[in-house]
Structure formats: C-alpha cells, structure tokens
Amino acid sequence: DSISYLLGVNFGSFIKGYNFGDVNYSQVIKGMKAYINAKGSPRDSSFAKQFKIDPNKMNEMFSAYIEMQRNHQLLINKDKEQKFLEENKTKPGVSVTPSGLQYTITEKGNANVPGPQDTVWVRYKGTFTDGTVFDETKQGAEPVSFTLGQVIPGWSEGLQLIGEGGKEKLYIPSALGYGEQGNSAIEPDATLIFDVELVKVRKFVEPAPQPAAAVRKTVKK
C-alpha cells in the first residue's frame, strides 16, 4: 500500500509539474494497465499496436496539450487582469504611472530615494489578486537586498517612488512582472501585488577609472 501510494504521489507530481490540469483518472488507470499487460519489447515494431493510441506519439501529444492549456490560462488571466486593474485604479489613493504600474504610498520615507543602479534592502509580501501569498520575508527576518536593475520592471519602477523608510503597495501588471512566461510559482500573465517597506538604500558608486599603465599591465597578463 505504501509503495502504491508513493507511485501515485510521483505520478501526481508529474501531472502537476507539467500543468496538465484536470485529467481523466479512469483513462490514466486504463493506460497504466494497458502498458503493464502489453506483450513484447517497446523496441518491437508491433508493440505499439497493442494500445488505443500509439505511445510513440506521446511527446507530440503532450506538448500540444500543454500548449493548449497554457494558451487557455493566458486568456483567463488576461481577462482577470484587465478587469482587476480597471477597477483598482478607481479606488481612493491609487495612482497610475505611464507604464501602467498602479501604487499607493503609505509612508513617503526620507530624501534618500533609490535610482535604477542602487542597492536596496526591503521587507515585502507578495500576493495574487485573490489574496494568496506566494512570497514574503518572514516575520522578524532580516530584510533582503538586491540591485534595482536585477528585478522585474514593476519593482524597479515602484521602489523609486519612495525614499528610505518608506512603505507602499504595488499593483504590478503582468507586462511589468513575469509576463506570458511566468515562473514556477507564478502563472502566465498574472497580476502581482506587493506590500513593500524600503528599509535601506545604498547608492551606486561608479568605479574609478584605472590608470592607462594599469590597464596595459592587466591586458598583457
């Protein structure tokens, strides 16, 4: 029973990992039994004839189905995003930048406002429009640091709206987030909401130019 259960877990991770969505589990069981009971070797030319669908077409059909699922999810998320942003921008306190970023500022912070090459230390919580948390700095944890040029455009633009010590909420359209690609935790074309506290800003310092002699020495080496 334990092995059977773990086989199910393993197969479930495959279905979920490749985003197959809702599958017909009765057909899954039929396919498993068909393969287990099949005669001969997969290398035999007659092996595939024992199945309702040729297993050699598996990769082709899987790819087509996953692409169809992805396109379907894109359409759903695009529609959800448009409706959410249209409604959200009319709420009191919400501002919109020319890029489409929406935001509210609860604390402006001091005059030390970061630029696109500066390093910032922040605490944050990231949620989807339904309130589901997908990422956050844990309670009591040290703030995380990064250079603004290394993050999604919505973060880079949004953090430049407040100064050190400031707090804000960013409503990031997918075009300023992870776009149609998404990532392992974020669906394609997902709208992201971040509550951000800008704890510290370190200004970028242009490296001092090397003397010509030092450059020649480095190249020669």
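Numbers here are sequence positions counted from 1.
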Colleague: Would Val23 end up clustered with Met58 when hydrophobic side chains under 4.5 Å apart are linked, directly or stepwise?
Modeller: yes
Colleague: Would you check if Asp118 and Thr147 make a side-chain contact, meaning some heavy-atom pair closer than 4.5 Å?
Modeller: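 No, side chains not in contact.
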Colleague: Kindly check if the number of other-residue, nucleotide or ligand heavy atoms within 6.0 Å of CD (Gln50) is above 12?
Modeller: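 Check passes, neighbour count above 12.
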Colleague: Between Ser174 and Glu81, is the side chain to side chain donor-acceptor pair (under 3.5 Å) condition met? List the steps.
Modeller: CA-CA 8 Å; Ser174 58; Glu81 175 169 80; 3.0 Å; yes
Colleague: For the ring-ring contact (aromatic ring centres under 6.0 Å, His included) test, which of Tyr171, Phe128, Phe134 pairs with Phe194?
Modeller: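 By the ring-ring contact (aromatic ring centres under 6.0 Å, His included) criterion, Phe194 pairs with just one of Tyr171, Phe128, Phe134: Phe134.
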Colleague: Verify the distance criterion only: is there a donor paired with an acceptor across the side chains of Asn24 and Ser26 at less than 3.5 Å?
Modeller: yes
Colleague: Does Phe51 belong to the same Ile/Leu/Val/Met/Phe/Trp/Tyr cluster as Ile36, with side-chain heavy atoms less than 4.5 Å apart forming each link?
Modeller: no
Colleague: Are the side chains of Ile172 and Gln102 in touch, meaning some heavy atoms are under 4.5 Å apart?
Modeller: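 Ile172 does not reach Gln102 side chain to side chain.
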Colleague: Closest approach of Gln160 and Pro116, non-hydrogen atoms and distance?
Modeller: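 That closest heavy-atom pairing would be OE1-CD, 3.4 Å.
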Colleague: State whether the number of non-hydrogen atoms from other residues, nucleotides or ligands found under 6.0 Å of Glu67 atom CD is greater than 12.
Modeller: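 Enclosed: over 12 neighbouring heavy atoms sit under 6.0 Å from CD of Glu67.
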Colleague: Within the distance-only criterion (no hydrogens, no angle test), does the side chain of Asn183 pair as donor or acceptor with the backbone N or O of Ile186 below 3.5 angstrom?
Modeller: yes
Colleague: With a 4.5 Å cut-off on side-chain heavy-atom distances among I, L, V, M, F, W and Y, is there a chain of contacts connecting Met68 to Ile66?
Modeller: yes
Colleague: Is the backbone N or O of Glu164 less than 3.5 Å from a side-chain atom of Asn110, with the two atoms forming a donor-acceptor pair by type?
Modeller: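 Pair found, side chain donor or acceptor close to backbone of Glu164.
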Colleague: List the atom of Gly100, the atom of Leu176, and the distance in Å for their closest heavy-atom pair.
Modeller: C-CD1, 4.3 Å
Colleague: Evaluate Tyr25 against Phe11 for ring pair (Phe, Tyr, Trp, His ring centres under 6.0 Å), listing each step before the verdict.
Modeller: CA-CA 11 Å; Tyr25 291 102; Phe11 192 64; 8.2 Å; no
Colleague: I'd like to know if the side chain of Asn37 and the backbone of Lys33 have a donor-acceptor N/O pair within less than 3.5 Å.
Modeller: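 Confirmed, Asn37 side chain pairs with Lys33 backbone.
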Colleague: Is the number of heavy atoms from other residues, nucleotides or ligands within 6.0 Å of CD (Gln27) greater than 12?
Modeller: yes
Colleague: Report, as yes or no, whether the 6.0 Å neighbourhood of atom NZ on Lys203 holds more than 12 heavy atoms from other residues, nucleotides or ligands.
Modeller: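 It does: Lys203 NZ has more than 12 such atoms within range.
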Colleague: Applying side chain to side chain contact (heavy atoms under 4.5 Å, CB included), run through His72 and Arg70 and close with a yes or a no.
Modeller: CA-CA 5 Å; His72 178 66; Arg70 180 179 178 277; over 6 Å; no
Colleague: Less than 4.5 Å apart, any side-chain heavy atom of Val120 and any of Leu198?
Modeller: yes
Colleague: Can a donor-acceptor pair be found, under 3.5 Å and without considering hydrogens, that links the side chain of Thr104 to the backbone of Gly93?
Modeller: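 No; zero donor-acceptor contacts below 3.5 Å.
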Colleague: Within a 6.0 Å radius of atom CG on Asp22, are there more than 12 heavy atoms belonging to other residues, nucleotides or ligands?
Modeller: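 Count not over threshold, so no.
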Colleague: Are Lys125 and Glu197 within salt-bridge range, i.e. N to O under 4.0 Å?
Modeller: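 Glu197 and Lys125: not salt-bridged.
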Colleague: Taking atom OG1 of Thr127 and atom CG of Asp195, what is their separation to the nearest 0.5 Å?
Modeller: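 CG of Asp195 is found 6.5 Å from OG1 of Thr127.
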Colleague: For the residue pair Gln73 / Lys78, report whether a side-chain donor-acceptor contact shorter than 3.5 Å exists.
Modeller: no
Colleague: Given side chains that start at C-beta, do those of Leu85 and Thr191 come closer than 4.5 Å, heavy atoms only?
Modeller: yes
Colleague: Report, as yes or no, whether the 6.0 Å neighbourhood of atom CG on Leu6 holds more than 12 heavy atoms from other residues, nucleotides or ligands.
Modeller: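 Yes, because the 6.0 Å sphere around CG of Leu6 holds more than 12 heavy atoms from other groups.
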Colleague: Examine distances only and state if a side-chain atom of Asp44 and a backbone atom of Ser46 form a donor-acceptor pair shorter than 3.5 Å.
Modeller: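 Such a contact is absent between Asp44 side chain and Ser46 backbone.
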Colleague: Within the structure provided, determine whether Lys108 and Lys167 are in side-chain contact (heavy-atom separation under 4.5 Å).
Modeller: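 No - every pair of side-chain heavy atoms lies 4.5 Å or more apart.
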Colleague: Do Ile193 and Leu170 share a hydrophobic cluster (ILVMFWY, side-chain heavy atoms under 4.5 Å, transitive)?
Modeller: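 Ile193 and Leu170: separate clusters.
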Colleague: Roughly how far, to the nearest 0.5 Å, is the CG atom of Asn71 from the CD atom of Glu180?
Modeller: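 Between Glu180 CD and Asn71 CG, I get 8.5 Å after rounding to 0.5 Å.
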Colleague: Taking Tyr103 as the fixed residue, which of Val96, Val94, Thr97, Ile162 is the one that meets the side chain to side chain contact (heavy atoms under 4.5 Å, CB included) rule?
Modeller: Thr97
Colleague: Does atom CZ of Phe14 have more than 12 heavy-atom neighbours, drawn from other residues, nucleotides or ligands, at distances under 6.0 Å?
Modeller: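 It does: Phe14 CZ has more than 12 such atoms within range.
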Colleague: Do Tyr124 and Trp121 sit in one hydrophobic cluster, given that two such residues count as connected whenever their side-chain heavy atoms are within less than 4.5 Å of each other, even indirectly?
Modeller: no
Colleague: Distance-only, no hydrogens or angles: does the Glu168 side chain make a donor-acceptor pair with backbone N or O of Leu161 under 3.5 Å?
Modeller: no
Colleague: Would you say the side chain of Val144 lies within less than 4.5 Å of the side chain of Val122, judging by non-hydrogen atoms?
Modeller: yes
Colleague: Apply ring pair (Phe, Tyr, Trp, His ring centres under 6.0 Å) to the pair Trp155 and Phe146, showing each step before the final yes or no.
Modeller: CA-CA 11 Å; Trp155 264 81; Phe146 51 80; 5.4 Å; yes
Colleague: Is there a donor-acceptor contact under 3.5 Å from the side chain of Glu187 to the main chain of Asn77?
Modeller: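 Judged by distance alone, no pair lies under 3.5 Å.
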Colleague: Between Ile15 and Gly21, which heavy-atom pair has the shortest distance, and what is it?
Modeller: CG2-O, 4.1 Å
Colleague: Taking atom types as modelled and ignoring hydrogens, do the side chains of Ser99 and Glu157 form a donor-acceptor contact shorter than 3.5 angstrom?
Modeller: yes
Colleague: Does any non-hydrogen side-chain atom of Leu159 lie less than 4.5 Å from one of Val196?
Modeller: yes
Colleague: Kindly say whether the aromatic ring centers of Tyr18 and Tyr65 come within a distance under 6.0 Å.
Modeller: no
Colleague: Donor-acceptor pair, distance only, cut-off 3.5 Å: does the side chain of Ser63 make one with the backbone of Glu60?
Modeller: no
Colleague: Should Gln181 and Pro188 count as side-chain neighbours, where that means a heavy-atom distance under 4.5 Å?
Modeller: no
Colleague: Test side chain to side chain contact (heavy atoms under 4.5 Å, CB included) on Gln117 and Leu148; report intermediate values, then the result.
Modeller: CA-CA 6 Å; Gln117 292 182 290; Leu148 285 188; over 6 Å; no
Colleague: Where the side chain of Ser41 meets the backbone of Arg43, is there a donor-acceptor pair that is under 3.5 Å apart?
Modeller: yes
Colleague: Nearest heavy-atom pair of Ala48 and Asn56: which atoms, and what distance?
Modeller: CB-ND2, 4.0 Å
